[in-house]
Amino acid sequence: MRIVTWNVNSMAARLDFVLDFLQTRSPDIVCVQELKLPDEGFPHLAFEQAGFRALTYGQAQWNGVGVLVRKSVDPEPLIVSTGLPGHEPMGSRLITVKAAGLSVTSAYVPNGKTVAHPDYKAKVAWLGGLADFVEKNLDPNGHTILAGDFNVVPGDLDTWDPVGHVGAIFHTDAERGPLERLRALGLQDLFREKNPDLQSFSWWDYRAGAFHKKQGLRIDLVYGSKSVVSRVREVSIDRDFRKKREGRIPSDHAPVIVDID
DNA sequence: ATGTCCACTAGGAGTGGA
């Protein structure tokens with residue numbers, strides 16, 4: 001089974017791109033973020049025709065998360081919960097579904113802007129709330145996956161410039177603390193688990209030719225419980241889908257692909 | 001190079017967010 005996380009930066013703007021990905025890479029479950037669509041505006045028909053069911057928690061203009069499930073692996077996936085209790089003013093950023101015998105959570109962590117900005121404190125609080133949510137609601141002894149755009153660089157290997165970014169947004173101890181809590185709660189970073197020494201980024205700024213200069217960050221993460229870790233065959237980041245395809249503009253994030261037995 | 005892309009409001013280009 002192939003499980004993916006991908007911040008698409010507008011599902012409306014990226015629809016053809018995403019359908020191309022489903023066709024080309026044949027994933028079974030895709031956690032998506034930054035839909036930028038209200039649920040009533042989601043293009044369900046296009047995904048149904050592509051053989052997928054989409055479970056979404058969206059809002060107008062910003063944020064929005066979802067899980068796409070291939071109908072042949074589970075014709076009746078279910079939404080278990082939406083939203084992060086106590087943090088609703090931050091927008092639609094969390095959805096948990098039950099699909100193909102797995103608990104799958106798609107998360108879009110607030111960006112935070114800069115460490116001096118009030119949004120940074122709210123981001124750190126949201127991350128703490130996420131760890132609380134995992135502790136209360138997700139089962140470390142089950143088949144559990146938590147994937148999404150964390151807007152946090154887990155370690156020095158995950159940034160193109162560890163020296164220049166010391167203490168900078170995405171790189172602070174306060175943001176990394178909640179990721180350590182996830183580990184303590186039994187969830188492991190599957191990419192790093194399978195590729196201990198590999199530098200591979202999942203996000204590059206649209207500006208300044210960052211992609212071609214290899215100035216990226218690994219901020220899109222897939223966490224799995226112990227039983228998932230034991231089933232993982234390979235984890236990779238699909239740089240090809242950060243490139244223009246047939247003149248179409250990509251998201252600023254690349255899909256992270258996890259293959260499990 | 002604060003260099004791009006997206007949604008929204010508006011009915012053209014500016015604003016806010018990332």
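In what follows, every chain begins at residue 1, and chains take the letters A, B, ... in the order their sequences are listed. Keep in mind that this is a model prediction, so the values were computed, not measured.
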Please tell me whether A/D139 and A/T144 have a donor and an acceptor in their side chains that are separated by less than 3.5 angstrom. no
More than 12 foreign heavy atoms under 6.0 Å from CD of A/E76: is that the case here? no
Is the count of non-hydrogen atoms from other residues, nucleotides or ligands lying under 6.0 Å from A/K226 atom NZ greater than 12? no
Rounded C1' spacing from B/dA18 to B/dG3 in Å: 15 Å
Choosing from B/dC6, B/dG3, B/dA18, which nucleotide comes nearest the side chain of A/A208? B/dG3
Could you walk me through whether A/Y57 and A/F42 satisfy the ring-ring contact (aromatic ring centres under 6.0 Å, His included) test, starting with their C-alpha distance in whole Å, then the side-chain angles of each, then the deciding distance to 0.1 Å, before giving a yes or no? CA-CA 10 Å; A/Y57 180 49; A/F42 191 88; over 10 Å; no
Tell me which of A/N9 and A/H253 sits closer to the 5' end of DNA chain B, going by the nucleotide each one is nearest to. A/N9
Rounded to the Å, how far apart are A/F42 CZ and B/dA7 P? 14 Å
Counting only side-chain N and O atoms of A/R14, is one of them less than 4.0 Å from OP1 or OP2 of B/dC6? yes
Please tell me whether A/S225 and A/H143 have a donor and an acceptor in their side chains that are separated by less than 3.5 angstrom. no
Minimum-distance nucleotide (side-chain atoms of A/K213 versus B/dG17, B/dC5, B/dG3): B/dG3
Whole Å only: how far is the NE2 atom of A/H117 from the P atom of B/dG16? 11 Å
Which nucleotide in the list B/dC6, B/dC8, B/dT4 gets nearest to the side chain of A/Q61? B/dC8
Atom NZ of A/K36 and atom P of B/dC8 are separated, to the nearest Å, by 9 Å
Go nucleotide by nucleotide along DNA chain B from the 5' end; which of A/D205 and A/W62 gets its closest nucleotide reached first? A/D205
In whole angstrom, give the distance that lies between atom NE2 of A/H212 and atom C1' of B/dG3. 13 Å
Once you apply a heavy-atom cut-off of 4.0 Å, does A/F170 come out as touching a base, just sugar-phosphate, or nothing? nothing
Whole Å only: how far is the NZ atom of A/K123 from the P atom of B/dG17? 16 Å
Where the side chain of A/A60 is concerned, which of B/dA18, B/dC8, B/dG17 is the nearest nucleotide? B/dC8
What interatomic distance, in whole Å, is found between C1' of B/dG17 and the corresponding atom of B/dT2? 14 Å
Measure the distance from CD on A/Q215 to C1' on B/dA1 and round it to the nearest whole Å. 13 Å
Whole-Å gap separating P (B/dA7) and CG (A/L35): 12 Å
Whole-Å gap separating P (B/dC6) and CG (A/L37): 13 Å
Candidates B/dG3, B/dA18, B/dC6 - which lies nearest the side chain of A/K113: B/dA18
